[in-house]
Amino acid sequence: MLFKPKSVRTHFSGLIFFQNYQRNLWVKPGHRYGKYNEEDDDNKDPKLRNTKENQLDHFYLYKSKGQHLLTNTRILDAIVGRSNIKTTDTVLEIGPGTGNLSVKLLEAAEKVVAVEIDKRMVDVLHKRVAENGLQERLKVICKDAMKVELPQFDLVVANIPYGISSPLIAKLVYGRNPFRSATLLLQKEFARRLLAEPGDSEFNRLAVNVNLVADVEFVMDVSKREFLPCPKVDSSVVIIRPKPELPDVNLNEWRAFTRTCFGKKNKTLGATFKQKKKVMQLLKLAKTTSLNKENPPTGNNYECDEYYDGKYEDEDTDGEECFASSTSDLEMNLFKEKIVGILRKSGFEDKRPSKVSNEDLLHLLSLFNQAGIYFHDHVKLKGLGNANAAYLS
């Protein structure tokens, strides 16, 4: 009977029986939120601190860090098969772990670029790939995938750390590197949100923002029983394909707009935009934009901070209080009537964002922009640069 560990730390030697049965298949971990601090784990366990990292007899997996092992060869083969890898392709793999998927990718592609934050996994990955005579095709980047600048690649195929699913997908689909597709193993619930359509209970801002620039295809579900140690939830495989033609919209403006709309996705758009705080924010942005007409937030700007989420407009409370004190009630009411008028005339006042298509949202954003109403602080963003990663959901 297969040993099922109860503790948070899973001893690698406890998997020897299973690995022999799986033809010496090595483990495949993930990381929670893309952050791994080996010293923290060592400090918690004095025994581990006195062992050598590279000894398999002392190789631990940490459930608390989301390290769950996918070892089913049928599923791994299916993931590679559905990725349609060409022999000339460079494949990007995020979180390769000890190489269950990596070896299969190296056999199919010309080159694999693996981004792995855990140095223990990198050491084992190098050893395993060398044993298979594939080391010349592998390049390993031992850094945080969310902080490193990704090299050029043709495809993404990965069992990505679930904790960074949203920002990592944002980095891929809104990034500067063009690619054909991304075959990703995701948490099942997250995948359902990604695949949701208007009217579905799961429909959300994540689906809206991703579907603006890419198509998402469901491939298959993967039972939690296929992982060691067994996680609490099942997983799903999806394929994300960037669209060949992108809409004529500034992406920073679009993401700030959808953030406003989906703050309360079951609230009508009329109720959302009538809020005093939101009216004040939009009036302030309208005045800022009118004073900086040389840099209006229009057009399909795909290279300005791909992770910016528009959240900083909500955090400038001191600026808002100062602005409110210098703005008359008449000016606020007139601006509010302007917003409501656009919603009413276009038929969006009583609609809920959870039931509105991307085409309709693009149309509404266009109407707002034409009227001088903007959602993104184009000037403030220039000072923020690329340091502020934001989420799609």
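Since we're looking at a predicted model, the values are computed, not measured. Quick note: residue numbers are just sequence positions, from 1.
Under the 30°/60° scheme for interplanar angles, the aromatic rings of Phe348 and His363 are found to be tilted.
Salt-bridge check for Arg241 with Glu217: passed, with a basic side-chain N closer than 4.0 Å to an acidic carboxylate O. Between Arg192 and Asp200 there is no salt bridge, since none of the side-chain N atoms of the basic residue sits less than 4.0 Å from a carboxylate O of the acidic one. A salt bridge is absent between Lys139 and Glu93: the closest approach of a Lys/Arg side-chain nitrogen to an acidic carboxylate oxygen does not fall below 4.0 angstrom. The residues Lys274 and Glu349 are annotated as salt-bridged, a charged nitrogen and a carboxylate oxygen being separated by less than 4.0 angstrom.
Side chain of Asn72 to main chain of Glu226: no donor-acceptor pair is present (N/O by atom type, distance under 3.5 Å, no hydrogens or angles). Looking only at distances, a side-chain donor or acceptor of Asp89 sits under 3.5 Å from a matching main-chain atom of Lys86. Under a 3.5 Å cut-off, the side chain of Asp360 and the backbone N or O of Val356 do not form any donor-acceptor pair. Checking side-chain atoms of Asn209 against main-chain N and O of Thr258 turns up no donor-acceptor pair under 3.5 Å. In this structure a side-chain-to-backbone donor-acceptor pair under 3.5 Å is present from Asn204 to Leu206. Without hydrogens or angle criteria, Asp118 side chain to Arg120 main chain gives a donor-acceptor distance under 3.5 Å.
A side chain to side chain contact (heavy atoms under 4.5 Å, CB included) with Val222 holds for exactly one of Ile79, Asp234, Leu185; it is Leu185. The side chain to side chain contact (heavy atoms under 4.5 Å, CB included) test with Phe273 is passed by exactly one of Val279, Thr260, Ile373: Thr260.
Between Asp350 and Thr268, the side chains place no donor N or O within less than 3.5 Å of an acceptor N or O (distance only, hydrogens not considered). No side-chain N or O of Gln281 forms a donor-acceptor pair with one of Lys284 less than 3.5 Å apart. No side-chain donor from either of Thr288 and Asp377 sits under 3.5 Å from a side-chain acceptor of the other.
Contact detail for Ser236 and Ala191: the closest heavy-atom pair is CB-CB, 3.7 Å. Pairing each heavy atom of Ser181 with each of Ser83, the nearest pair is OG-O, 4.3 Å. Cys261 and Pro353 get closest at one heavy-atom pair: O-CG, 3.1 Å. Across all non-hydrogen atoms, the minimal contact from Lys119 to Cys142 is CG-SG, 3.6 Å. The minimum heavy-atom distance linking Phe179 with Ile240 is given by the pair CE1-O, 4.3 Å. Closest non-hydrogen pair, Glu253 versus Asn250, comes out as N-OD1, 2.8 Å.
No path of Ile, Leu, Val, Met, Phe, Trp and Tyr side chains, each step under 4.5 Å between heavy atoms, connects Val233 with Val219, placing them in separate hydrophobic clusters.
A heavy-atom distance below 4.5 Å is not found between the side chains of Val156 and Val91. Glu116 is not listed as a side-chain neighbour of Ile94, based on a closest heavy-atom distance of 4.5 Å or more.
Counting non-hydrogen atoms of neighbouring residues, nucleotides and ligands closer than 6.0 angstrom, the NZ atom of Lys351 exceeds 12 such neighbours. Gln135 CD: more than 12 foreign heavy atoms inside a 6.0 Å radius.
Taking the six-membered ring for Trp, Phe257 and Tyr374 have ring centres at least 6.0 Å apart.
Cation-pi check for Arg193 over Phe203 is not met; the charged atom does not lie both under 6.0 angstrom from the ring centroid and within 45 degrees of its normal.
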